[in-house]
Amino acid sequence: MKNSVDTSIQYLKGIGPKRAKAFAAVGIKTVEDLLYYFPRRYEDRTKFSPISKLQEGTFQTIKAQVLVKGKRSSFRRRGFSITEVIVGDETGKISCVWFNQPYLSEYFKVGQSVILYGRVQRYGAKLQMNSPEFELALEQEPLSTGRIVPVYSLPQRVGQRTMRALVKSALDEYLGQITDCLPYDIRARNNLLNLATSLISIHFPENESLRLKAFERLSFEEFFIFQLPLAMRKLNKKEKKGLIHKTEGKLIDDFLSNLTFELTASQQNVLKEIKKDMSGPLAMQRLLQGDVGCGKTVVAACACVIAAQGGYQAAFMAPTEILARQHYEKIKSQVSSLKSEVRIGLLTSSVDIKEKENISKDICEGKIDLVIGTHALLEEGVEFCNLGLVVIDEQHKFGVGQRALLPAKGANPDVLIMTATPIPRTLAITLYGDLDVSVINEMPKGRLPIKTLYFNEDEKRKAYAIARMELAKGNQAFIIYPVIDESVALDLAGAKRMFQELKSSEFKGFRLGLIHGRLDEKEQKTIMASFKDRKLDALISTTVLEVGIDIPNATCMIIEHAQRFGLSQLHQLRGRVGRGEKESTCILIADSKTEESKARIEAMVNFNDGFRIAEEDLKIRGPGEFFGSRQHGLTELKIANPLTQMHLLKRAREDALKLIASDQRLELRPNIQLKQKILQRFPEYEKLMLVG
Ligand code: ADP
Ligand code: MG
């Protein structure tokens with residue numbers, strides 16, 4: 001079709017193959033992608049701040065003339081250069097500086113009119129703008145002056161003005177061809193702008209209130225498209241009958257009374273919810289949230305035992321070999337002394353082929369009640385004879401598609417998925433749409449909060465000294481590095497070399513082990529086993545230990561280059577200690593340069609609670625990334641914000657459920673556009689819709 005919005009942007013004026021590549025790198029391939037590439041922010045260029053009125057500490061836009069062109073000072077020995085440009089308007093002058101962008105000294109010419117946006121900071125007696133965004137102000141350019149101007153995150157070597165011109169020409173040429181994917185009645189009911197008006201107003205808003213209406217409509221669309229597949233799944237599940245498990249019985253009672261501890265009240269509540277689901281006629285679809293260390297595994301084990309009690313098989317999938325093995329060993333020991341036998345198997349990719357075949361055969365013939373494993377469980381050769389329960393641990397490590405594969409091996413089995421990246425409950429219900437949510441919000445008795453300390457690189461030795469003190473008491477420690485091999489360029493120490501170094505210096509006389517993802521799984525297994533058996537005092541590691549590892553005798557963790565890790569990752573890592581009754585310490589060693597990394601470290605030092613950490617993470621990263629693919633397997637939200645637009649999300653969810661109830665596979669005419677949009681956004685759902 002001519003002028004279809006699927007047209008490659010190469011056909012837009014001003015975009016050749018080379019530019020097309022740069023655009024592709026930021027995800028823009030078609031005209032539609034470009035139209036949906038929303039501004040990062042806006043500048044109200046109907047008014048600029050006069051230089052004399054600039055206030056320290058705020059972000060401001062000024063329009064001024066270049067008075068002194070780029071003066072460059074190099075500090076070669078320290079490896080950086082500074083370019084300074086002085087600009088002025090009728091009210092005053094201000095200096096603008098950029099670091100390490102020497103070419104800027106040639107960019108600005110005296111007398112040019114420029115627009116600058118940045119934070120105003122004080123240097124001595126004077127104000128200055130540090131690394132402001134800049135643009136030449138050409139008076140004959142109505143897209144860039146005298147209006148609310150969009151500011152985009154730019155592809156390589158594309159300027160703001162070019163970007164604006166491209167978006168404008170795409171709007172002019174193609175808007176007539178775009179079909180609104182939102183059915184009319186939904187738009188009318190929710191009082192939403194049509195797509196064409198919204199796209200114009202999100203890029204070039206005539207005024208603030210139109211921009212907000214456009215923002216609302218496009219956010220709704222995003223939520224809606226994101227809720228539809230969830231609604232579809234929810235309905236699918238509802239229609240299929242689930243299994244009815246026998247939730248009360250000797251085996252589960254026996255299992256509970258054989259545990260070396262009592263379940264916390266919170267664990268008991270969740271178990272009750274699980275029992276209710278499992279004994280009901282519909283298949284359980286439950287998400288279990290709970291902070292690191294709260295004891296989710298044992299609750300899942302209870303569910304597995306319940307399945308076995310009624311003669312069904314259970315499959316328990318974990319994201320890493322180490323974790324799968326640990327669950328296997330733990331649950332095996334918990335069921336070992338039961339009066340009737342629960343037959344357990346372990347299936348991972350490192351199990352050798354012969355053994356794998358044997359286990360697969362046993363699973364298929366019903367000789368195994370509970371199989372614990374990794375992705376290997378998803379392989380085609382693994383078939384169950386009567387799969388009644390699926391447990392997925394650390395679900396955020398799996399994609400949506402992967403999560404759906406294991407339950408597909410049974411006849412609508414019950415599903416329990418677990419996550420240690422908790423988010424507020426109301427949000428979870430909406431975001432995970434098709435799932436019910438349980439929360440464990442209490443730690444086992446006797447746990448002491450983990451003490452978290454922050455040292456900078458120069459104080460590293462203090463951290464080692466603390467670790468040595470722990471080791472001397474017979475406790476164990478982890479020392480975590482972001483990389484296996486050191487990186488000179490990034491100035492990072494790697495696990496491998498530090499292992500050699502620490503062994504013969506700071507930790508001389510202690511037994512150190514090294515573990516990382518490049519070791520084969522057999523080696524990993526051996527090292528973990530010796531650490532667990534206390535044949536090693538400290539383990540030098542990369543993030544292979546991030547999830548799930550449970551060694552209560554480990555009381556000290558040092559995380560080097562902590563600025564390199566995300567907040568939830570740091571929290572997960574920290575959760576490897578503090579799992580017993582002894583007080584534990586987590587020491588972050590970091591040279592934080594950015595505000596963000598400082599904020600992360602601060603949050604870690606201040607908060608122990610995972611829900612709180614998640615909130616901080618949200619604040620630091622913004623919802624787009626936080627709720628990105630890691631959280632729910634869907635692509636990032638580009639414009640909508642589930643936190644601030646909760647009401648809109650709710651409405652989108654209700655309308656999605658309604659629509660799916662009336663047209664389950666989106667086959668009716670007004671909905672076909674929507675279906676295509678979903679497939680385009682979430683190819684993973686194709687299978688789902690076909691399966692129906
Ligand atoms: P997570 O929720 O992070 O997956 P785990 O299930 O690994 O946590 O449990 C952490 C540790 O707490 C394990 O050693 C487990 O045996 C122990 N544990 C679980 N529940 C209790 C309880 N009610 N009382 C005491 N210890 C418990
Ligand atoms: Mg766990």
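What you see is a predicted model, and the numbers here were worked out from it, not measured in a lab. In each ligand, atom 1 is the first atom listed, and ligand 1 is the first ligand listed. Values below: all heavy atoms of this structure, side chains included; hydrogens, waters and symmetry mates excluded.
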Report task. With heavy atoms of Leu263 as the reference, note each atom of ligand 1 found under 4.0 Å away. Result -> 23 (N)
Query - Modelled atom types, side-chain donor and acceptor of Lys532 and Asn553, under 3.5 Å - result: no
Query raised in the report: For Met418, is the nearest heavy atom under 4.0 Å from an atom of ligand 1?
Result: no
Query raised in the report: In a check of side chain to side chain contact (heavy atoms under 4.5 Å, CB included) between Phe316 and each of Leu389, Val390, Leu370, Leu406, which one passes?
Result: Leu370
Requested in this report: Take the angle between the ring planes of Phe398 and His375 and call it parallel below 30°, perpendicular above 60°, tilted in between.
Outcome: tilted
Query - Ring-face cation contact, Phe384 with Lys409, 6.0 Å cut, 45° max - result: no
Requested in this report: Please work out whether the ring planes of Phe478 and Phe531 are parallel, tilted or perpendicular, with thresholds of 30° and 60°.
Outcome: tilted
Query raised in the report: Got the closest protein heavy atom to atom 2 (O) of ligand 1, with its distance?
Result: Lys296 NZ, 2.8 Å
Query raised in the report: How far is atom 22 (C) of ligand 1 from its nearest protein heavy atom, and which residue and atom is that?
Result: Phe261 CD1, 3.2 Å
Query raised in the report: With a 4.0 Å cut-off on heavy atoms, is Gly293 touching ligand 1?
Result: yes
Query - Nearest-neighbour protein heavy atom for atom 7 (O) of ligand 1, which is reported as residue plus atom name and distance - result: Arg579 NH1, 3.0 Å
Requested in this report: Identify, for atom 14 (O) of ligand 1, the protein heavy atom at the shortest distance, and state residue, atom and that distance.
Outcome: Asp550 OD2, 2.6 Å
**Report entry** Under 3.5 Å: donor-acceptor pair, side chain of His561, backbone of Ala493
**Finding:** yes
Report task. Considering the heavy atoms of Thr264, write down every atom of ligand 1 situated less than 4.0 Å from one of them. Result -> 23 (N)
Query raised in the report: Which ligand 1 atoms, with their elements, are less than 4.0 angstrom from a heavy-atom of Thr297?
Result: 4 (O), 5 (P), 6 (O), 7 (O)
Query raised in the report: Charged N to carboxylate O under 4.0 angstrom, Arg518 versus Asp485?
Result: yes
Query - atom 8 (O) of ligand 1 - nearest protein heavy atom and its distance - result: Gly295 N, 3.4 Å
Query raised in the report: Out of Arg447, Lys445, Lys330, whose heavy atom is nearest to atom 17 (C) of ligand 1?
Result: Arg447
Report summary line: side chain to side chain contact (heavy atoms under 4.5 Å, CB included) with Ile587: of Thr452, Ile559, Ile558, only one passes, and it is Ile558
Report summary line: min-distance protein heavy atom vs atom 20 (N) of ligand 1 -> Gln267 NE2, 3.0 Å
**Report entry** Close N or O approach (Pro444, ligand 1; < 3.5 Å)
**Finding:** no
Requested in this report: Pull out every atom of ligand 1 sitting under 4.0 Å from any heavy atom of Val292, numbered as shown with elements.
Outcome: 3 (O)
Report task. Verify the distance criterion only: is there a donor paired with an acceptor across the side chains of His571 and Asp291 at less than 3.5 Å? Result -> yes
Query raised in the report: What atoms of ligand 1 come within less than 4.0 Å of a heavy atom belonging to Glu262?
Result: 22 (C), 23 (N), 24 (N)
Query raised in the report: Between Glu248 and Lys275, does at least one N-O distance fall below 4.0 Å, as a salt bridge requires?
Result: yes
